[in-house]
Number of protein chains: 2
Amino acid sequence: MSDDLVVPEIDTMVHEPARLRLLTYLSLLERADFVYLLGQSGLSKGNLSVQMGNLAEAGLVRVEKEFVNNRPRTTYALTTEGRARLAAYRRTLAAILDALPAG
Amino acid sequence: MSDDLVVPEIDTMVHEPARLRLLTYLSLLERADFVYLLGQSGLSKGNLSVQMGNLAEAGLVRVEKEFVNNRPRTTYALTTEGRARLAAYRRTLAAILDALPAG
DNA sequence: CGTCGGAGGTTTGTTTCGTAAACTAGGTTC
DNA sequence: GAACCTAGTTTACGAAACAAACCTCCGACG
């Protein structure tokens, strides 16, 4: 019946709101630490810890742990792959949104 | 301190991949029935039924049930509110994506 | 009659998300 | 040195998403 009309697959690792938020910050800031992301994202400590763990395990972010003033500091940054996945996601969503009416 | 850098809230009723997919079809087609969406979306019958129920309960889609050739047919269409929510979502996501690098 | 198939759900069970609370491990304060 | 703070991690548990299997209604076929 002619209708291909296929909505493309969405990368759920990126799409998930909490992670998309975090990835967006990292994309804008290049690097950010746990405390900053905690305040900025509004996520709970536990959720932030888990989601960063997920992103790291999936290879989208790199984690650096060090001690500063005798206190732990965990810093995150996008990996090359993370950047690529985000860019691909951006294209996918742009395609979907473009199909939607009303600018 | 200057950093407002706030990523806007996402409408999860729309954002959720399965529902976003369904809403996109409805947006493009104006109306679609259960069987069509089943084939096009790749969702299971169960999930499709549940997600359409969610969307209907949230007031984003209107449901029409009738019998055609003595067989049931369920047709869905966006409501005015559904259209508005989708448009708002579109703007929100566009804002997020615009902040991301790499056009 | 019996049963096959299609439309539309509901039930069951797994996975993921999210919050809250407990826990770890060190530092500072009195 | 007991009480508290900071930075994270882990655990417990509920809600939602999802797939697969099963159930219902009804007309068609043999």
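Every chain is numbered from 1, with letters handed out A, B, ... down the list of sequences.
- If you check every strand for non-hydrogen atoms under 4.0 Å, A:N47 touches a base.
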So A:M52 and A:L37, side chain to side chain contact (heavy atoms under 4.5 Å, CB included) or not? Walk me through it. CA-CA 10 Å; A:M52 281 317 207; A:L37 290 173; 3.1 Å; yes
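- In this view, B:L38 and B:F34, B:K45, B:L48 satisfy the side-chain contact (heavy atoms from CB on, under 4.5 Å) rule, not counting sequence neighbours.
- Between B:Q51 and A:L48, the residue anchored closer to the 5' end of DNA chain D is A:L48, taking for each the nucleotide with the nearest heavy atom.
- B:L38 has its CG atom 10 Å from the C1' atom of C:dG8, to the nearest Å.
- A salt bridge links A:R83 with A:E30: at least one charged nitrogen is closer than 4.0 Å to a carboxylate oxygen.
- Residue contacts for B:V50: at a heavy-atom cut-off of 4.0 Å it reaches no nucleic acid atom on any strand shown.
- Nucleic acid contact for B:T74: sugar-phosphate only, since backbone atoms but no base atoms lie under 4.0 Å from a heavy atom of the residue.
- Counting heavy atoms of neighbouring residues, nucleotides and ligands inside a 6.0 Å radius, atom CD of A:E66 exceeds 12 of them.
- For A:R71 and C:dG27, the CZ to C1' distance is 8 Å, given to the nearest whole Å.
- Protein chain B contacts DNA chain D from D:dA17 to D:dG27, reading 5' to 3' and using non-hydrogen atoms of the protein with a distance under 4.0 Å.
- Comparing A:L43 and B:V63 by the nucleotide of DNA chain C whose heavy atom lies nearest to each, the residue mapping closer to the 5' end is B:V63.
- Counting any heavy atom pair closer than 4.0 Å across all strands shown, B:N54 reaches sugar-phosphate atoms only and no base atom.
- Between C:dT19 and A:S44, a contact under 4.0 Å exists linking OP1 or OP2 to a side-chain N or O.
- With DNA chain C read from its 5' end, the first of the two nearest nucleotides for A:R19 and A:K45 is the one closest to A:R19.
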